[in-house]
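Below, chains carry the letters A, B, ... as their sequence lines are ordered, and counting in each starts from 1. Worth saying up front: this structure is predicted, and the values here are computed from it rather than measured.
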Amino acid sequence: MKIATFNINGIKARINALPDWLKEAEPDVVLLQEIKSIDENFPREIFEDMGYNVETHGQKSFNGVAILSKLPLEDVSRGLPGDDSDEQARWIEATVVGEQAVRVCGLYLPNGNPVELDQEGAPIEGGKYAYKLAWMERLHTRAKQLLEDEMPALMAGDYNIIPQPEDAARPTAWEGDALYRPESHEAWRKILNLGFTEAFRARNQAPENYSFWDYQAGAWNRNDGIRIDHFLLTPQCADLLLECKIDSEVRGREKPSDHTPVWVELAA
DNA sequence: ATGGCGGAAAGATTCCGA
C-alpha cells in the first residue's frame, strides 16, 4: 500500500499538477493539506473518475485537509480532538481497508509564526506560537491513543517542524523561527518518544533531502529547502515499512506547490 | 531580518504562509 502526503497549496491552483502526479505516482492513499476550499467546492469528481474515494475537511480561504483513497475508507473523523473552539480545518483521519486495516491521520500543523513571547519568554496566550504548541499538545494526546489501539496507524502531513540541522539547507537562518525553536523541537520529540518511527529517517540518513522550497529568491534552483512534511508510524505500522521517498522533482514543474509529495510503501 | 512569491477573497488591496 502506497500512502502519500502532499501540501498542495490550493486545490484550484493545483487542478492540473495534482492529477498529473497521481497518474504517474499511483498512490493508493493521499493525504492532502492546504486544499484552501470549502467541502462543497472541492472538485471531487476529478478524483472519483480516477478511482479515488474522496473525504474532505475544508474551510474557506485557508487550511483544509482531505484524503483520497483507492481503497475503501471507514470511520472517517474530522478535526483534532481536545478543543471544541478550534475552527481551523487541520486534521482528518480514517481507516483504510487493504490487506490489513491501517488507520491514517492527515494533519496540517500550525506554522506558529510570528513567535510572540512575554517578558519571561513564555508564548503569549492567543498568539500564533501558543496556538501551535497547544495544537501539538492535543496531537500528543491523540498520538497516545493511537498507540493504545495497537494497530498499524500513521500520522502524516505538513508538520511545520524542521527536526534537525540536516533538515535545512541553512539551519542558522531558522534559529528563533517557530519551525525550529526549542519549544517546537521539544513538543516534536515528546511525540516521537512515545514510540513513533519517523519513516524518512528510518530509511535515509542523508542531508539535503527537503520537502519545501520557498517561492521566493530562487529557493528551488539553489536547493535552499527544508524538510517539514513527515510520516510518524506506530510500531505496528513501522513493522510494515518498505520504503519512504520524497518526490522532489515535482517541485520543479509548471505551477508547482511550494511543497513536494512524500510517500511510504507499506506491506499492507 | 525580512517577506522579494504565490494563493485566496475581495474588489484595484489585504491577509496568510514558511
Side-chain angles (χ1 to χ4, degrees), chain A residues 5-19 21 31-43 56-66 86-91 106-117 123-124 126-133 135-136 156-185 187-188 208-230 246 248 250-262:
Chain A
T5 178
F6 191 4
N7 180 325
I8 54 174
N9 191 16
I11 186 59
K12 264 175 83 178
R14 234 53 65 202
I15 202 66
N16 293 316
L18 178 57
W21 171 73
L31 305 169
L32 298 175
Q33 299 90 42
E34 285 205 86
I35 63 173
K36 294 187 175 180
S37 159
I38 57 174
D39 295 334
E40 293 73 21
N41 291 348
F42 191 87
T56 61
H57 180 39
Q59 71 178 91
K60 200 173 180 180
S61 302
F62 305 111
N63 307 323
V65 288
D86 185 0
E87 296 186 347
Q88 299 194 34
R90 297 178 174 275
W91 179 268
L107 66 99
Y108 176 42
L109 204 149
N111 174 294
N113 285 305
V115 174
E116 297 173 292
L117 307 174
I124 289 173
K128 293 194 173 177
Y129 194 48
Y131 175 64
K132 177 177 194 152
L133 295 177
W135 205 93
M136 292 186 81
D158 178 357
Y159 277 76
N160 271 312
I161 293 280
I162 304 167
Q164 303 269 24
E166 59 268 31
D167 297 313
R170 295 180 299 116
T172 54
W174 294 93
E175 285 170 10
D177 191 281
L179 280 66
Y180 199 66
R181 284 188 61 82
E183 302 89 339
S184 305
H185 281 150
W188 163 256
E208 297 178 13
N209 280 283
Y210 310 126
S211 65
F212 169 91
W213 296 259
D214 202 294
Y215 287 122
Q216 301 181 69
W220 165 250
N221 291 321
R222 296 186 293 113
N223 197 25
D224 181 6
I226 51 178
R227 195 175 68 89
I228 57 175
D229 298 270
H230 310 299
I246 304 176
S248 312
V250 173
R251 180 63 179 79
R253 297 182 183 174
E254 286 293 301
K255 257 186 100 57
S257 168
D258 41 9
H259 294 252
T260 198
V262 184

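Here B/dG6 presents its C1' atom at 17 Å from CH2 of A/Trp213, a figure rounded to the nearest Å. B/dA8 atom P lies 16 Å from atom CD of A/Gln33, rounded to whole Å.
For the pair A/Ser61 and A/Ala217, nearest-nucleotide mapping onto DNA chain B gives the more 5' position to A/Ala217.
Not a single ring-ring contact (aromatic ring centres under 6.0 Å, His included) links A/Trp91 to another residue, sequence neighbours left out. Residues that satisfy the ring-ring contact (aromatic ring centres under 6.0 Å, His included) test with A/Tyr108, not counting sequence neighbours, are absent from this structure. Every ring-ring contact (aromatic ring centres under 6.0 Å, His included) that A/His259 has, sequence neighbours left out, goes to A/Phe212. The ring-ring contact (aromatic ring centres under 6.0 Å, His included) check on A/Tyr180 picks up A/His185, with sequence neighbours excluded. In terms of the side chain to side chain contact (heavy atoms under 4.5 Å, CB included) criterion, residue partners of A/Leu117 (sequence neighbours excluded) are, by chain and number, A/Val115, A/Pro123, A/Tyr129, A/Arg181.
Spacing between B/dG11 and B/dC15 at atom P, rounded to whole Å, works out to 12 Å. For the P atoms, the distance from B/dA18 to B/dG7 is 14 Å, rounded to whole Å. Comparing the C1' positions of B/dA8 and B/dA12 gives an interatomic distance of 16 Å, to the nearest angstrom. For the P atoms, the distance linking B/dC16 with B/dA1 amounts to 23 Å, nearest Å. Remark: the separation of the P atoms in B/dT14 and B/dG4 is 13 Å, to the nearest Å.
Below 30°, between 30° and 60°, or above 60°: for A/Trp188 and A/Tyr159 the angle between ring planes is above 60°, a perpendicular geometry.
For A/Lys255, a side-chain nitrogen or oxygen approaches OP1 or OP2 of B/dG7 to under 4.0 Å.
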Report task. Going 5' to 3' through nucleotides 10-18 of chain B, assign each nucleotide B (protein heavy atom under 4.0 Å from a base atom), S (under 4.0 Å only from sugar-phosphate atoms) or - (no protein heavy atom that close). Result -> S-----SSB
